[in-house]
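Notes to accompany the following structure.
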Amino acid sequence: MKKIIRQITLNAAQTAFENKELNTSEFSSFTIEEPKVASHGDLATNFAMVNAKAQKMAPRKIAEIIIRYIDATDSIIEKTEIAGPGFINFFIRPAAWYPVLENICQQDTEYGFSDIGNGQTVQVEFVSANPTGPLHVGHGRGAIVGDSVASILTACGYDVKREYYINDAGKQIQTLGISVFLRCRELDGQTIDFPEDGYQGDYISDIAKNLCKEKGDWIFNVGEEDAVAFCSKFAADKMIIEIRNVLNTLGIKFDNWYSEQALVDSGKIKSVIEQFKQSNIIYEKDDALWFKTKKFGDEKDRVVVRNNGRTTYFASDIAYHQDKLDRGFDRIIDVWGADHHGYIPRIKASIKASGRDENQFVVILTQLVNLLRKGIPVSMGKRSGQFITLKEVMDEVGRDAVRFIFLTRHYDSPLDFDLEIAKQKTNDNPVYYVQYVHARISSIIKKAADEKGITDITFNDDAVAMLKESEEIQLIKHLARYPETIIASAESMEPHRIAFYLMALAADFHAYYNKHRVLTEDTTLAAGRLYLVKAVQTVIRNGLTLLGVSAPDVM
RNA sequence: GCGCCUGUAGCUCAGCUGGAUAGAGCAACGGACUUCUAAUCCGUAGGUCGGGGGUUCGAAUCCCUCCAGGCGUGCCA
């Protein structure tokens with residue numbers, strides 16, 4: 001609808017120019033939007049205001065000319081008016097909205113999809129938590145945002161792959177192995193001296209128990225180095241399985257699990273370092289190798305190979321991101337916790353240094369999650385072992401509520417997650433409010449079939465023409481806004497826009513439901529309303545699907 | 001010190017990328033179930049958009065500055 005109004009405005013302006021009523025045909029970009037107040041019409045444009053300067057005319061004067069050139073007879077426009085400083089308000093004929101319903105019905109699960117992505121390939125890398133411990137709610141936020149962004153981009157015609165980068169190489173894996181090995185020795189009755197930087201959680205002991213059962217004799221008979229290496233691998237594999245399981249319960253599946261160890265083994269890290277050395281972007285100082293990140297926008301240069309000869313995490317990351325781009329993705333999106341934000345400039349630097357476009361690389365930073373219970377913070381220390389895992393939160397709260405809560409906030413703002421509120425089935429917890437719409441409509445449709453024998457809800461001019469109530473027109477207008485909401489959500493990579501859209505649509509529906517009965521005695525009217533309500537249900541379901549939330553038929 | 005993020009109703013948050021009178025939910029108060037699910041609806045009340053400047057027809061939104069909070073600032077990952 002916005003597109004149509006835009007075109008009508010442009011046509012009018014063009015004709016006005018041809019008739020020498022406007023001074024130039026260079027029109028500045030203008031917006032078509034929905035006024036907040038109903039009395040300002042269905043749609044409004046600021047065309048006259050933004051063009052005042054170029055036209056060297058008063059805004060209201062321009063608006064007046066435009067309106068004169070808009071053919072209001074026999075079109076979708078009922079009337080136009082000039083308001084305020086020079087807005088042009090458009091009032092749309094109610095009947096002009098009806099085709100929206102037919103669209104929804106025809107496109108069904110694909111209503112709201114678009115092709116703005118034009119088949120561009122995108123990779124979304126998210127979670128990528130070290131396999132050294134269970135996921136916590138912070139990881140959950142990244143997981144849900146990343147997954148949802150991926151879904152939304154897919155719906156917009158991007159070719160999207162989800163990837164998890166497993167940090168299964170490096171020091172933290174060593175520490176994991178040592179921690180497990182020590183617990184094994186403890187189980188064996190030996191006295192141990194558990195290091196301060198070891199992993200303290202109970203899960204370490206659990207893994208140790210498992211390991212002892214399977215390989216108890218063996219690990220004490222091989223050398224300590226081999227034993228620790230084995231423990232590392234064993235524990236990391238176990239953790240990955242557990243992580244994968246939790247993510248599965250959240251409804252998240254990755255296309256690719258990328259191993260850092262595999263990256264190391266492939267020699268890519270070495271070859272990238274060598275390559276940058278040759279082009280003089282990596283240099284030697286204090287027996288270490290440094291990357292000239294400062295030259296490419298970072299605060300200072302960063303070490304890639306330590307003076308002990310071992311590569312840093314950054315070195316792996318350089319190679320990893322090079323590898324992603326080598327795989328041909330047009331855009332790579334990383335979802336990180338906000339505590340990693342200092343890392344962005346150096347990764348960008350490495351991409352720039354390789355002669356690529358740094359804009360191909362985008363980072364979504366999710367702010368921290370504060371876990372609360374009845375308003376009281378729950379401690380989240382990882383090393384102390386005193387933390388509530390994502391799995392525990394999922395078991396307590398459930399997938400739909402967890403996902404929806406995370407997605408009703410902009411990822412950019414810190415989030416208080418209160419376990420008690422999350423469990424409540426009230427409006428503090430709007431996921432049920434939205435799902436309830438779906439269930440209610442399912443119930444109506446079932447009733448229509450059971451009691452009235454209506455099983456075929458299809459478009460019918462006469463029936464749809466019965467939709468005259470202001471709440472009905474408002475609902476249809478709301479439905480018409482869905483596709484542009486998805487596009488805006490994709491462009492900004494902000495899933496929360498969909499969540500808010502759904503809550504607003506749900507509010508409109510519940511209000512309508514309370515005021516008007518769908519299954520009326522008038523069968524034509526009932527058919528029209530059923531058709532409308534079914535469209536609402538389709539949109540609710542499509543939106544929830546993009547957020548990874550279920551759309552139940554019964555609640 | 002420097003960098004990033006945040007500051008909007010008592011609380012939790014939106015605000016469509018600069019538009020008209022700043023919006024929801026919760027909490028408070030008053031109403032609505034013989035009728036398609038009351039996990040719902042209707043109404044009342046609640047604001048110096050952290051403070052101060054600037055940019056322009058127009059600012060919660062953009063710029064500057066100050067204040068407050070969070071995070072970061074390793075040859076850790």
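To find a chain, count down the sequence lines: A is the first, B the second, and so on, and within it residues start at 1.
- A heavy-atom distance below 4.5 Å is found between the side chains of A:Leu532 and A:Tyr512.
- Between B:A77, B:A20, B:C71, one nucleotide has an atom nearer to the side chain of A:Tyr313 than all others, and that is B:A77.
- Contacts of A:Glu299 with the nucleic acid, taken as non-hydrogen atoms under 4.0 Å apart, involve only primed sugar atoms and P, OP1 or OP2.
- Distances shorter than 4.0 Å separate some side-chain N or O of A:Lys300 from OP1 or OP2 on B:G74.
- A salt bridge is absent between A:Lys2 and A:Glu33: the closest approach of a Lys/Arg side-chain nitrogen to an acidic carboxylate oxygen does not fall below 4.0 angstrom.
- For A:Asp416 and B:G7, the CG to P distance is 13 Å, given to the nearest whole Å.
- For the pair A:Glu299 and A:Lys294, the salt-bridge criterion is not met [side-chain N within less than 4.0 Å of a carboxylate O].
- A:Arg306 has a side-chain polar atom (N or O) that falls below the 4.0 Å cut-off from OP1 or OP2 of B:C76.
- Taking only side-chain atoms of A:Val303, from C-beta outward, the nucleotide of B:A20, B:C75, B:C13 with the closest atom is B:C75.
- Distance, A:His516 NE2 to B:A32 C1': 16 Å, rounded to whole Å.
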* Kindly indicate, with the supporting measurements, whether the criterion ring pair (Phe, Tyr, Trp, His ring centres under 6.0 Å) is fulfilled by A:Phe406 and A:Phe417. => CA-CA 8 Å; A:Phe406 279 141; A:Phe417 189 97; 5.4 Å; yes
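- If you check every strand for non-hydrogen atoms under 4.0 Å, A:Phe500 touches sugar and phosphate atoms only.
- Phosphate proximity of B:C42 to A:His510: absent, as no side-chain N or O sits under 4.0 Å from OP1 or OP2.
- Within 4.0 Å of A:Pro85, counting heavy atoms only, lies at least one base atom of the nucleic acid.
- Nucleotide B:C5 carries an anti base; the chi torsion (O4'-C1'-N9-C4 or O4'-C1'-N1-C2) is more than 90° from 0.
- Note on A:Asn46: a base of the nucleic acid sits closer than 4.0 angstrom, heavy atoms only.
- Taking atom CG of A:Asn307 as the reference point, atom C1' of B:G74 lies 13 Å away to the nearest angstrom.
- Here B:A77 is the nucleotide among B:A77, B:A14, B:C36 with the atom lying nearest to any side-chain atom of A:Gln172.
- Counting non-hydrogen atoms under 4.0 angstrom, A:Leu289 reaches nothing in the nucleic acid.
- At a threshold of 4.0 angstrom between heavy atoms, the contacts of A:Ala338 are confined to the sugar-phosphate backbone, with no base atom among them.
- In terms of position on RNA chain B, the residue among A:Gly342 and A:Leu519 whose nearest nucleotide sits closer to the 5' end is A:Leu519.
- Using bins of under 30°, 30° to 60° and over 60° for the plane-to-plane angle, the ring pair A:Trp336/A:Tyr343 lands in the perpendicular bin.
- Comparing atom distances between the A:His40 side chain and each of B:C75, B:C4, B:A20 picks out B:A20 as nearest.
- Base-pair partner of B:C4: B:G70 (Watson-Crick or G-U wobble, both distances under 3.5 Å).
- The partner of B:U61 cannot be assigned: no Watson-Crick or G-U wobble pair with both contacts below 3.5 Å exists in any strand.
- A:His438 comes within 4.0 angstrom of nothing in the nucleic acid, heavy atoms only.
- Under a 4.0 Å N-O distance rule, the pair A:Glu396/A:Arg373 qualifies as a salt bridge.
- Between A:Lys477 and A:Glu34 there is no salt bridge, since none of the side-chain N atoms of the basic residue sits less than 4.0 Å from a carboxylate O of the acidic one.
- Using Watson-Crick or G-U wobble geometry with both donor-acceptor distances under 3.5 Å, B:C26 finds its partner in B:G10.
- Of the side-chain N and O atoms in A:Lys171, none sit less than 4.0 angstrom from OP1 or OP2 of B:C76.
- A:Phe314 comes within 4.0 angstrom of nothing in the nucleic acid, heavy atoms only.
- Applying the 5.5 angstrom centroid cut-off and the 30 degree plane-angle cut-off, the aromatic ring of A:His340 is stacked upon the base of B:A77.
- Between A:Ile116 and A:Glu491, some side-chain heavy-atom pair lies under the 4.5 Å cut-off.
- Within the 4.0 angstrom heavy-atom criterion, only backbone atoms of the sugar-phosphate kind lie near A:Tyr433; the bases stay farther away.
- Among the atoms of the strands shown, base atoms are found under 4.0 Å from some heavy atom of A:Ala44.
- At a threshold of 4.0 angstrom between heavy atoms, the contacts of A:Val305 with the nucleic acid are absent.
- The listed nucleotides are B:A14, B:C36, B:C71; the one nearest the side chain of A:Leu368 is B:C71.
- At a cut-off of 3.5 angstrom, the base of B:A20 holds at least one donor-acceptor pair with the side chain of A:Asn89.
- Residue A:Arg517 is classed as a base contact, given a heavy-atom separation below 4.0 Å to a base.
- Taking every side-chain heavy atom of A:His341 into account, B:G72 is the closest of B:C36, B:U17, B:G72.
- With both ends at atom C1', the span from B:C66 to B:G7 equals 14 Å, rounded to whole Å.
- Minimum atom distance to the side chain of A:Phe87 is reached by B:A20, of the listed B:C57, B:C5, B:A20.
- Using a 4.0 Å cut-off, some side-chain N or O of A:Arg440 falls inside it from OP1 or OP2 of B:A38.
- For the P atoms, the distance from B:C62 to B:C16 is 10 Å, rounded to whole Å.
- At the heavy-atom level, A:Ser413 lies under 4.0 Å from the strands shown only through sugar-phosphate atoms.
- A gap of 15 Å separates the P atoms of B:A24 and B:A20, to the nearest Å.
- When the P atom is compared between B:C49 and B:C36, the two are found 46 Å apart, to the nearest whole Å.
- Under the Watson-Crick or G-U wobble criterion, with both distances below 3.5 Å, B:G46 has no partner in any strand shown.
- Here A:Ile421 lies out of heavy-atom contact (under 4.0 Å) with every strand.
- B:C36 makes up no base pair with any nucleotide shown, lacking Watson-Crick or G-U wobble contacts both under 3.5 Å.
- For the C1' atom pair drawn from B:A27 and B:G74, the interatomic distance equals 46 Å after rounding to whole Å.
- Distance noted for atom P between B:C13 and B:G50: 15 Å (whole Å).
- B:U17 shows a glycosidic angle within 90° of 0 and is accordingly assigned syn.
- Between B:G46 and B:U55, the distance separating the two P atoms is 35 Å to the nearest Å.
- Straight-line distance from the CG atom of A:Leu505 to the P atom of B:G23: 20 Å, rounded to whole Å.
- Listed nucleotides: B:A39, B:G19, B:A77. Nearest to the side chain of A:Asn130: B:A77.
- Under a 4.0 Å N-O distance rule, the pair A:Glu484/A:Arg481 does not qualify as a salt bridge.
- The A:Arg497 side chain lies nearest to B:U17 when the options are B:A14, B:U17, B:C71.
- Straight-line distance between the C1' atoms of B:A60 and B:U6: roughly 14 Å, to the nearest whole Å.
- When each of A:Ile444 and A:Lys2 is assigned the nucleotide of RNA chain B bearing its nearest heavy atom, the one mapping closer to the 5' terminus is A:Lys2.
- Note on A:Asp197 versus A:Lys171: no salt bridge recorded, every NZ/NE/NH1/NH2 to OD/OE distance being 4.0 Å or above.
- The listed nucleotides are B:C36, B:A20, B:G74; the one nearest the side chain of A:Lys36 is B:A20.
- Applying the Watson-Crick and G-U wobble criteria (two distances, each under 3.5 Å), B:C41 pairs with B:G31.
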